[in-house]
Each structure stands twice: as structure tokens, then as C-alpha cells.
Amino acid sequence: MDVVSVAQLGRQGTDDAILLDQALTERRVLLTCDTDFLRIANERWVSGITFAPIVFWPQQQRSLKHVVSQVIHVATIHTFEEACSRDFYL
């Protein structure tokens, strides 16, 4: 898997909607524990706007090992196109 963080991209402080757009353009899954992305996803879903797949992970409830295994699971059962405009809860 090719993983990149917002910090590695130098995009800290960038608006969440822009980050979600960038993830779609780069064909990336967005892994987050920020509920703002779920709100944006819902707004886009209702409006029929495609967005990058979101994997939502409530940090306090899951180990990193569990999160990684679940992300791999999602990636193996869905193509990128199938996963777009969906959010997955870990």
C-alpha cells in the first residue's frame, strides 16, 4: 500500500473538503478519525457528488493493528470505484 499523511504532503491546516477532493483525484482512501469528513461525505452523497472512500476510525476504540487489517480488508473486497462515495466504519 502507498500511504501518505497530510503532514508528509505539507497540507496541515488545509480545508477538509479540499483534502477529500485530493484523495479522489489521487485515487486514495482517506483514513480519518475526524467526524467533519463524515459530514462532508453526507452532504456530497445527498447532492450526488462523488467523493473518495472514507475509512472512519474512532481512535480511542481501535488499535493501529486492527485499523490496518481492516483497511486492507476493505481494499481487497472493493475496487476503488466501488468504494467511492462510501464511508466505512471500523
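- Between the side chain of E82 and the backbone N or O of T79 there is at least one donor-acceptor pair closer than 3.5 Å.
- Pairing each heavy atom of C84 with each of L24, the nearest pair is SG-CD1, 3.8 Å.
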Exercise for the section: May I have the step-by-step check of side-chain contact (heavy atoms from CB on, under 4.5 Å) for L9 and Q22, ending in yes or no? Expected result: CA-CA 11 Å; L9 295 173; Q22 182 176 354; 3.7 Å; yes
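- The shortest heavy-atom contact between S69 and H66 is OG-O, 2.9 Å.
- The shortest side-chain heavy-atom distance between L19 and R11 falls under the 4.5 Å cut-off.
- Using a 4.5 Å heavy-atom cutoff, the side chains of W57 and Y89 are not in contact.
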Problem - E81/R27 under side-chain contact (heavy atoms from CB on, under 4.5 Å): CA gap, chis, key distance, verdict - result: CA-CA 9 Å; E81 290 76 15; R27 298 179 53 87; 2.7 Å; yes
Atom pairs and distances, donor-acceptor, side-chain atoms in residues 36-44, under 3.5 Å, two or more places apart:
unit_1, atom_1, unit_2, atom_2, d
R39, NH1, E43, OE2, 3.1
R44, NH1, D21, OD1, 2.6
R44, NH2, D21, OD1, 3.1

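- Of the inter-residue distances, the one linking W45 atom CH2 with S85 atom OG reads 10.0 Å to the nearest 0.5 angstrom.
- Neither V6 nor L31 shares a network with the other; the hydrophobic side chains, linked directly or stepwise wherever heavy atoms of I, L, V, M, F, W or Y lie under 4.5 Å apart, form separate groups for each.
- Each of I54, D15, T25 was evaluated against L20; a single residue qualifies, I54, per the side-chain contact (heavy atoms from CB on, under 4.5 Å) test.
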Practice task
Kindly indicate, with the supporting measurements, whether the criterion side-chain contact (heavy atoms from CB on, under 4.5 Å) is fulfilled by V55 and L90.
Solution key: CA-CA 7 Å; V55 176; L90 304 185; 3.5 Å; yes
Handout entry: Q70/V74 under side-chain contact (heavy atoms from CB on, under 4.5 Å): CA gap, chis, key distance, verdict
Key = CA-CA 6 Å; Q70 291 299 304; V74 168; 5.6 Å; no
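- You'll find the side chain of F80 stays beyond 4.5 Å of the side chain of R28, heavy atoms only.
- How far CG of L30 is from CG of D16: 8.5 Å, rounded to the nearest 0.5 Å.
- D34 and T32 make their closest contact through N-OG1, 2.9 Å (heavy atoms, listed as atom of the first residue, atom of the second, distance).
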